[in-house]
Amino acid sequence: MTAPTTPPAIGVLALQGDVREHVAALDTCGARGVLVRREREVEAVDGLVIPGGESTTIDKLLGIFELRDPIRAAIRAGLPVYGSCAGMILLADRLEGGVEGQQTLGGLDVTVRRNAFGRQVDSFETDLEVAGLPDGDLPVHAVFIRAPWVEEVGPGVQVLATVGSGPAAGRIVAVRERDVLATSFHPEISGDLRLHRMFVQIVADRG
Ligand SMILES: NC(=O)CC[C@H](N)C(=O)O
């Protein structure tokens, strides 16, 4: 008889943003989504999601909750992390367009431009080809809300998706470096959960 496998515990940084949507998406994808607000909760999870929201607010709260150093250390030690939108901003090693004093956690060797799409396409939806999805290569329906894009990637970073057409055609909107994944868009609110499945698989593969 094979022992039942325990679903991986994946934390969602629960300081601000669309936390509940990520927890629900992770639960649907066979993981156990848990809220993370304390250092000991960072230490207890197998992976971590940094949600969409407002990166400047999340950054301030990371300081107040004394989570910045523990999360940085966990990422450096190899904790798989997925950031969507504001989460992508927080994972960038280099940030353009941040407010004065805004810090990031880092972990991804990229330069990210905050609020990059500008006023005309402030918020929009489009279909994207995303590389490396677990179940099929049908385009992903992507929702962008005052989203960042990736200006520049380091040598170890894989570009998973770029915008296909329109004024932002060619802009990088999904990347992966080792077990750190980031998207400019919000799969947690579009109902297409293949990126969450990809992340759950990344976490599961680390055993
Ligand atoms: N939907 C989002 O997460 C928007 C990100 C937001 N513009 C920021 O700078 O944090």
Indicate yes or no: at least one non-hydrogen side-chain atom of [X] is less than 4.5 angstrom from one of [Y].
X: L160; Y: L181; result: yes
X: E43; Y: P70; result: no
X: L13; Y: P51; result: yes
X: I58; Y: I89; result: no
X: V81; Y: I71; result: no
X: V157; Y: V150; result: no
X: V99; Y: R114; result: yes

Calculate, to the nearest 0.5 Å, the distance between atoms [atom1] and [atom2] belonging to [X] and [Y] respectively.
X: E152; Y: D109; atom1: CD; atom2: CG; result: 8.5 Å
X: E151; Y: R94; atom1: CD; atom2: CZ; result: 11.0 Å
X: L90; Y: L95; atom1: CG; atom2: CG; result: 8.5 Å
X: Q201; Y: C29; atom1: CD; atom2: SG; result: 11.0 Å

Subject >> Ring geometry between Y82 and F199 (parallel below 30°, tilted from 30 to 60°, perpendicular above 60°) >> reply: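 Tilted: the ring planes of F199 and Y82 meet at 30° to 60°.
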Check whether any side-chain N or O of [X] sits under 3.5 Å from a backbone N or O of [Y] as a donor-acceptor pair, and report yes or no.
X: D46; Y: A9; answer: yes
X: R72; Y: T104; answer: yes
X: S184; Y: P148; answer: yes
X: E39; Y: E66; answer: no

Restricting to non-hydrogen atoms, name the atom on [X] and the atom on [Y] that form the minimum distance, rounded to 0.1 Å.
X: A169; Y: G164; result: CB-O, 4.0 Å
X: P187; Y: F185; result: CD-O, 3.3 Å
X: L91; Y: G83; result: CD1-N, 3.5 Å
X: V200; Y: P8; result: CG1-CG, 4.4 Å
X: S84; Y: H22; result: OG-NE2, 3.1 Å

Subject >> Flag for T28-H196: side-chain donor and acceptor within less than 3.5 Å >> reply: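 Looking only at side-chain atoms, T28 and H196 do not form any donor-acceptor pair under 3.5 Å.
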Subject >> Short side-chain donor-acceptor distance under 3.5 Å, E96 and T111 >> reply: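 No, no side-chain donor-acceptor contact under 3.5 Å.
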**OP:** Could you please spell out the steps behind the side-chain contact (heavy atoms from CB on, under 4.5 Å) verdict for V163 and F117?
**Re:** CA-CA 11 Å; V163 176; F117 288 89; 4.3 Å; yes
**OP:** Sorted by first residue and then second, give each salt bridge (Lys or Arg N to Asp or Glu O under 4.0 Å) pair with at least one member in residues 178-207; sequence neighbours left out.
**Re:**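 For residues 178-207, and leaving out neighbouring residues, the salt bridge (Lys or Arg N to Asp or Glu O under 4.0 Å) pairs sorted by first residue read D135-R197, R176-D179, D179-R206, D192-R194.
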Subject >> Residue pairs, two or more places apart or on separate chains, that pass salt bridge (Lys or Arg N to Asp or Glu O under 4.0 Å) and touch residues 11-36 >> reply: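 For residues 11-36, and leaving out neighbouring residues, there are no salt bridge (Lys or Arg N to Asp or Glu O under 4.0 Å) pairs at all.
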Shared ILVMFWY cluster between [X] and [Y], side chains joined below 4.5 angstrom?
X: I202; Y: L79; value: no
X: L138; Y: L128; value: no
X: W149; Y: I172; value: no
X: I189; Y: V140; value: no

**OP:** Give the intermediate values and the outcome of side-chain contact (heavy atoms from CB on, under 4.5 Å) for residues L105 and I50.
**Re:** CA-CA 11 Å; L105 295 161; I50 305 184; 3.5 Å; yes
